[in-house]
Amino acid sequence: MSLYKNQNIQLYNSLTKQKEPFTPIHEGAVGMYVCGPTVYSNVHMGNCRTFLSFDLVFRYLKHLGYKVRYVRNITDAGHLENDGESGDDPILKKARIEQLEPMEVVQKYTVDFHETMAKFNALPPSIEPTATGHIIEQIAIVEKLIKEGYGYEKNGSVYFDVVKFNEDHAYGKLSGRQLEDMITNTRELAAQSEKKNPQDFALWKKAEPQHIMRWPSPWSEGFPGWHLECTAMSTKYLGETFDIHGGGMDLKFPHHECEIAQAEASNHKSPVNYWLHANMLTLNGKKMSKSTGNNILPGELFSGENDILKKAFTPTVAKFFMYQAHYRSILDFSNDALEASEKGFNRLMDALHSLAEISTSENSSLDIATWKQACYDAMNDDFNSPILIAHLFEGAKYINALKEGKETISATDLQELSTTMHAFIFDVLGLEDTQAGGDEAAEKLSGAIELLIELRNKARANKDFATSDTIRDELQEVGIQLKDGKDGTTFSLS
RNA sequence: GGCAUCAUGGCCGAGUGGCUAGGCAGAGGUCUGCAAAACCUUCUACAGCGGUUCGAAUCCGCUUGAUGCCUCCA
């Protein structure tokens with residue numbers, strides 16, 4: 001019996017601007033597409049937030065027993081800034097700066113992306129297709145769009161006729177824009193443009209002589225327009241209509257709007273049932289961005305080598321921090337907020353470790369079943385991780401009370417409490433128990449400290465407090481804190 | 001300029017008409033040789049002004065402020 005039969009998800013659909021009950025096209029199976037990174041530089045924390053938001057969605061759907069096909073692309077084809085009219089291709093630009101072949105640039109940053117996501121303990125998607133690997137599919141869509149009358153060729157480039165599309169479709173329905181307003185408000189001078197209207201976008205762009213990334217096509221040696229790859233790859237792997245399409249809020253317009261236009265014009269049907277948009281991670285109150293430099297890289301966060309934070313933070317703490325805010329809210333990245341999350345996270349982990357020390361009774365004084373469902377209700381309500389985490393802290397409070405003997409619990413309920421805590425913390429949130437240690441060096445250190453604790457306890461028993469306090473204080477100096485508890489002394493590395 | 005979104009206690013951050021999350025910090029307590037740690041308790045907020053309502057942080061209007069998109073960006 002799959003969990004999803006009893007847990008009803010409501011999710012916020014950007015297209016309808018409201019929460020809707022989630023019903024997949026095929027019962028028990030979910031198709032989800034998420035726009036991945038453009039690999040011309042290291043992913044920054046802002047990029048990571050989006051991918052971690054959808055990792056949570058992926059993990060929760062899987063937890064509920066759905067068979068999920070999660071497709072997240074790698075944009076490795078160079079696209080021009082300014083809609084292909086002029087400007088630079090970021091991948092080519094980077095290749096020049098680093099004196100690398102464009103595909104070397106792509107490889108380098110794809111590897112970085114994968115390593116980073118692995119550090120965050122994000123699950124890899126089911127399929128991770130690349131734009132350059134799907135040129136043929138993209139050309140096929142362009143041909144189809146021309147045939148349907150929505151694409152027109154000019155000097156070897158092909159553009160999408162937004163005005164024509166808008167005559168019998170609603171261009172702008174996702175981002176809440178009216179084409180008339182866009183035309184009225186446009187500042188662009190249409191003088192030297194190949195496009196019929198400034199709102200039109202490139203489907204295929206003829207390569208200038210200096211443009212290295214190029215492929216043959218019926219129209220010219222060139223490269224695909226920037227919105228095409230997602231339409232091609234989502235259609236190929238998930239079908240003409242699929243369940244969930246996700247991405248960062250900043251992709252809503254024009255990227256996702258154009259995806260809808262391309263799909264509707266070529267397939268005559270709406271491509272996506274539920275559009276999900278993750279909100280931005282800000283720094284100093286401003287959106288993190290590759291181009292403006294207002295960002296922090298994961299590596300800088302983990303090492304502590306940056307001007308923003310006072311100390312280093314582990315990937316799991318950073319993730320926990322992000323999940324303490326809802327994915328649709330803007331979240332500001334700051335040292336104080338991270339420190340607060342770190343302390344909270346450690347408290348949660350301590351409680352989890354205490355589970356083993358709880359003894360059971362005949363009856364429970366706690367209502368574990370209700371608490372458990374509250375955890376599910378939180379996630380069912382548009383993946384509300386902050387509420388879930390609040391309930392997990394409630395669970396931690398239960399554990400502490402049980403440990404103190406202030407509450408009682410039956411063996412069945414204890415099992416339920418433990419399973420639920422573990423399921424949400426590790427399977428759904430994908431957090432990692434960094435205190436668990438386990439490597440050889442850590443074990444040796446642990447043995448040495450145990451010895452010191454023993455010596456200190458002997459000194460204390462003999463009321464030789466000078467010795468015992470020296471041990472305690474010197475260890476504190478090197479970053480090892482002793483914690484005297486009721487059942488003996490433990491330690492933690494700070 | 002256009003289109004959106006947001007404004008919550010010392011800080012971070014949920015919550016969308018009455019039952020008033022959670023974390024951090026602060027305060028008090030338990031424990032302890034002392035301390036730290038840990039645990040417990042506690043602090044009761046919703047930008048301003050007006051309106052709707054028996055009742056609004058939550059709905060409507062205006063004002064102020066911030067942010068996002070309209071150029072590549074998660």
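What you see below is based on every heavy atom in this structure, not just the backbone, and it leaves out hydrogens, waters and symmetry mates. Residue numbers begin at 1 in each chain, while the letters A, B, ... track the order of the sequences.
- In this structure, A:His277 has its ring center at least 6.0 angstrom away from the ring center of A:Phe54.
- We find that A:Arg472 and A:Asp469 are joined by a salt bridge, their nearest charged nitrogen and carboxylate oxygen being less than 4.0 Å apart.
- Here the nucleotide nearest the side chain of A:Leu251, chosen from B:C73, B:G13, B:A25, is B:C73.
- For A:Asp381 and A:Lys19, the salt-bridge test passes: some basic side-chain N is under 4.0 Å from an acidic carboxylate O.
- Distances were taken from every side-chain heavy atom of A:Lys406 (C-beta onward) to each of B:A14, B:A35, B:C40; the shortest belongs to B:C40.
- Checking A:Phe253 against A:Leu281, the closest nucleotide of RNA chain B that is more toward the 5' end is the one next to A:Phe253.
- Separation of the C1' atoms belonging to B:G26 and B:G15 is 24 Å when rounded to the nearest angstrom.
- Nucleic acid contact for A:Ala390: base, since at least one base atom lies under 4.0 Å from a heavy atom of the residue.
- Looking at A:Arg177, its side chain has no donor and acceptor atom pair within 3.5 Å of the base of B:C70.
- Using a 4.0 Å heavy-atom cutoff across all strands shown, A:Gly285 reaches sugar-phosphate atoms only and no base atom.
- For A:Lys287, a side-chain nitrogen or oxygen approaches OP1 or OP2 of B:C69 to under 4.0 Å.
- Distances from the side chain of A:Met288 to the nucleotides B:G23, B:C39, B:A74 place B:A74 closest.
- At the heavy-atom level, A:Phe393 lies under 4.0 Å from the strands shown only through sugar-phosphate atoms.
- A:Tyr323 places its OH atom 22 Å from the P atom of B:C12, with the value rounded to the nearest Å.
- Both distances falling under 3.5 Å, in either a Watson-Crick or a G-U wobble arrangement, place B:C6 opposite B:G65.
- Residue A:Ser329 is in sugar-phosphate contact alone, with no base atom involved, counting any heavy-atom pair closer than 4.0 Å across all strands shown.
- Between A:Lys108 and A:Glu98, at least one side-chain nitrogen of the basic residue sits less than 4.0 Å from a carboxylate oxygen of the acidic one, meeting the salt-bridge criterion.
- The base of B:C24 lies outside donor-acceptor range of the side chain of A:Arg347, with no N or O pair under 3.5 Å.
- Nucleotides B:C43 and B:C6 are separated by 30 Å at their P atoms, to the nearest Å.
- Side-chain atoms of A:Asn400 lie closest to B:C40 of the nucleotides B:A14, B:A25, B:C40.
- In this structure, B:C39 forms a base pair with B:G29, meeting either the Watson-Crick or the G-U wobble geometry with both donor-acceptor distances under 3.5 Å.
- A heavy atom closer than 4.0 Å to some atom of RNA chain B occurs in A:His44, A:Gly46, A:Asn47, A:Thr50, A:Phe51, these being the qualifying members of residues 42-56 of chain A.
- Note on A:Leu482: a base of the nucleic acid sits closer than 4.0 angstrom, heavy atoms only.
- For A:His79 and B:A74, the NE2 to C1' distance is 15 Å, given to the nearest whole Å.
- Checked against the 6.0 Å centroid criterion, the rings of A:His245 and A:Tyr274 do not qualify as a close aromatic pair.
- With respect to the salt-bridge test (charged N to carboxylate O, under 4.0 angstrom), the residues A:Lys173 and A:Glu257 do not qualify.
- Residue pairs meeting the salt bridge (charged side-chain N to carboxylate O under 4.0 Å, His left out) criterion with at least one member in residues 285-301 of chain A, sequence neighbours excluded, are A:Asp250-A:Lys287.
- Donor-acceptor pairing under 3.5 Å, judged by distance alone, is present between the side chain of A:Asp469 and the base of B:G33.
- Side-chain proximity of A:Lys397 to B:A14, B:G68, B:C40: nearest is B:C40.
- Ion pair A:Arg460/A:Asp484 flagged as a salt bridge, since at least one NZ, NE, NH1 or NH2 atom sits closer than 4.0 Å to an Asp/Glu carboxylate oxygen.
- A:Ala325 comes within 4.0 angstrom of the backbone, heavy atoms only, and of no base.
- Within 4.0 Å of A:Lys286, counting heavy atoms only, lie sugar-phosphate atoms of the nucleic acid but no base atom.
- Of the side-chain N and O atoms in A:Lys290, one or more sit less than 4.0 angstrom from OP1 or OP2 of B:A74.
- If you check every strand for non-hydrogen atoms under 4.0 Å, A:Leu331 touches sugar and phosphate atoms only.
- Not less than 6.0 angstrom separates the ring centroid of A:His391 from the ring centroid of A:Trp371.
- At the heavy-atom level, A:Gly36 lies under 4.0 Å from the strands shown only through sugar-phosphate atoms.
- For B:C19, there is no paired base (Watson-Crick or G-U wobble, both distances below 3.5 Å).
- Counting non-hydrogen atoms under 4.0 angstrom, A:Thr38 reaches the backbone sugars and phosphates but no base.
- Separating the C1' atom of B:C34 from that of B:U44 is a span of 36 Å, rounded to the nearest Å.
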